[in-house]
Amino acid sequence: MLLKLRIWSSRLGNPTPYSTPSLKLQPFRLNLRAHISSSAELNPDQLSAVGTASKSVVPETKKFARKFLFVPPGVEPEEVTEKMVLPGSNIVIGPYAGHSQIKEIEFVKSSNRAKDCPRDERPEFAILGRSNVGKSSLINTLVKRKEVALTSKKPGKTQLINHFLVNKSWYIVDLPGYGFATASESERMDWSAFTKGYFLNRETLVAVLLLIDATIPPKRIDIDCANWLGRNNIPMTIVFTKCDKMKGKGRRPEETLGAFQDFMKENYKQHPPWIMTSSVSGLGRDELLLHMSQLRNYWDQ
Ligand SMILES: Nc1nc2c(ncn2[C@@H]2O[C@H](COP(=O)(O)OP(=O)(O)OP(=O)(O)O)[C@@H](O)[C@H]2O)c(=O)[nH]1
Ligand SMILES: [Mg+2]
């Protein structure tokens, strides 16, 4: 039953952690734009657009693209130019990217078991992350509606698997948050079994959007979650949330992002796709939708 997900994941080059790593985080070092231009020395105007042959093959570019960028199906690492990388992300846009805007969305159902989820062939994206990271807010931002998914300052608002049908053709799935601090140990365990059941049995899952709060240091539980998805061949995109909080007293999003990049550099052969977003300013919204469209169109073919 899970064969399709596994094949999909390997075709996508889903990153698998080397092993269970220790949580070792260092200050921000990698500047993506600087690294691309310095290591690749590309003149974007001289190079061809997505899907056509590149005019020069720079081995360093290929190595950099393979390790640090998410290069989608249909693009060769040596073809990548700076123009093809979505702003505020490591995501390269390829020939499968297409219509991405959301015209209509309808709530379909809430389920408390994986086997009660809608049963059809439509592809879906699951939104996962710690309680209060901004999962429901991201859904509202993607669909440009205020209260499609219910949000709250109090963690633990979303308790079930909620399916939303988009443009009558694919699903966004809002999930309960993990690591809800005030839940008892046994409740957390139950939650975990319930959500894991969903991930391990959902054949139509295109990718998990794993949300990380950019305003606080990465937590062990986030790293564990990313590694669990990697080990189980479940494709993920890391979505940094609350990136509007650049000027406040808290941690700057670049620091969290840098710490994650260092972590991925040490522990993953290839970096998973990541993107910076804000549900307040709309940062990263259109870019994330475009990325989702390329994953979906590739899945659908
Ligand atoms: N500044 C800022 N606040 C945000 C952003 N996204 C969410 N929030 C706030 O964070 C709080 C939690 O948001 P939710 O969307 O309910 O979080 P959740 O992950 O769905 O939480 P649970 O359902 O409890 O797991 C709310 O007070 C939101 O207004 C963002 O991008 N920027
Ligand atoms: Mg929620």
Side-chain angles (χ1 to χ4, degrees), residues 87-89 102 105 107-112 117 124-164 166 171-184 187-196 198-199 207-219 221-222 224-226 229 236-257 260 274-289 291-292:
S89 85
I102 295 180
I105 180 154
F107 170 72
V108 176
K109 72 179 293 199
S110 294
S111 319
N112 60 7
C117 292
E124 68 190 40
F125 293 88
I127 315 284
L128 179 66
R130 256 179 308 125
S131 287
N132 229 234
V133 69
K135 297 178 293 298
S136 302
S137 304
L138 179 76
I139 293 178
N140 293 334
T141 301
L142 291 179
V143 306
K144 283 196 175 159
R145 294 247 300 267
K146 273 209 173 114
E147 284 284 306
V148 168
L150 296 181
T151 64
S152 166
K153 283 200 168 101
K154 231 173 95 194
K157 178 76 184 169
T158 308
Q159 295 288 344
L160 298 163
I161 302 173
N162 296 304
H163 273 78
F164 297 89
V166 179
Y171 290 110
I172 290 185
V173 185
D174 192 13
L175 293 170
Y178 56 73
F180 178 19
T182 58
S184 70
E187 274 173 319
R188 281 208 297 261
M189 297 286 288
D190 283 352
W191 180 92
S192 179
F194 152 79
T195 312
K196 280 180 184 169
Y198 164 82
F199 289 122
V208 172
L209 306 186
L210 176 62
L211 273 54
I212 306 285
D213 187 334
T215 63
I216 53 175
K219 300 267 195 241
I221 196 164
D222 294 326
D224 287 348
C225 185
L229 293 170
M236 72 173 158
T237 293
I238 295 181
V239 177
F240 293 98
T241 61
K242 309 191 185 182
C243 292
D244 53 286
K245 290 187 167 177
M246 297 271 188
K247 291 175 194 126
K249 280 186 205 147
R251 190 182 174 91
R252 291 170 57 234
E254 293 92 330
E255 289 176 67
T256 305
L257 178 59
F260 244 89
W274 59 258
I275 184 164
M276 297 172 84
T277 67
S278 161
S279 295
V280 170
S281 70
L283 174 83
R285 175 191 178 273
D286 292 344
E287 291 79 6
L288 180 56
L289 284 173
H291 170 57
M292 289 162 80

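Order of listing sets the numbers, starting from 1, for every ligand and every atom in it.
- Coordination check, S136 versus the Mg ion (ligand 2): passed, since an N/O/S atom of the residue sits under 2.8 Å.
- Geometrically, ligand 1 and L175 share no nitrogen or oxygen pair separated by less than 3.5 Å.
- With contacts defined as side-chain heavy-atom distances shorter than 4.5 Å, the pair M292/L209 qualifies.
- A donor-acceptor pair shorter than 3.5 Å cannot be found between the side chains of D213 and T241.
- When each atom of ligand 1 is checked for a heavy atom of V280 under 4.0 Å away, the hits are 1 (N), 2 (C), 30 (C), 31 (O), 32 (N).
- Listed for the R285 side chain is a donor-acceptor partner under 3.5 Å among the backbone atoms of T141.
- A donor-acceptor pair is defined here as one N or O able to donate and one able to accept, closer than 3.5 Å; no such pair exists between the side chain of S110 and the backbone of I161.
- When each atom of ligand 1 is checked for a heavy atom of S278 under 4.0 Å away, the hits are 31 (O).
- Listed by number with element, the atoms of ligand 1 under 4.0 Å from a non-hydrogen atom of K135 are 15 (O), 17 (O), 18 (P), 19 (O), 20 (O), 21 (O), 22 (P), 25 (O).
- Partners of S278 according to the side-chain contact (heavy atoms from CB on, under 4.5 Å) rule, which considers only residues two or more places apart in sequence or in another chain, are D244, V280, S281, L283.
- Between C243 and ligand 1, not a single N/O pair is under 3.5 Å apart.
- Checking only distances, K242 does come within under 3.5 Å of ligand 1, N or O to N or O.
- Contacts of D244 with ligand 1, taken as heavy-atom pairs under 4.0 Å, involve the side chain alone.
- Considering backbone and side-chain N/O atoms, S137 comes within less than 3.5 Å of an N/O atom of ligand 1.
- Side-chain atoms of H291 and S89 include no donor-acceptor pair closer than 3.5 Å.
- Partners of D286 according to the side-chain contact (heavy atoms from CB on, under 4.5 Å) rule, which considers only residues two or more places apart in sequence or in another chain, are Q101.
- Contact atoms of ligand 1 toward S136: 15 (O), 20 (O) (distance under 4.0 Å to a heavy atom of the residue).
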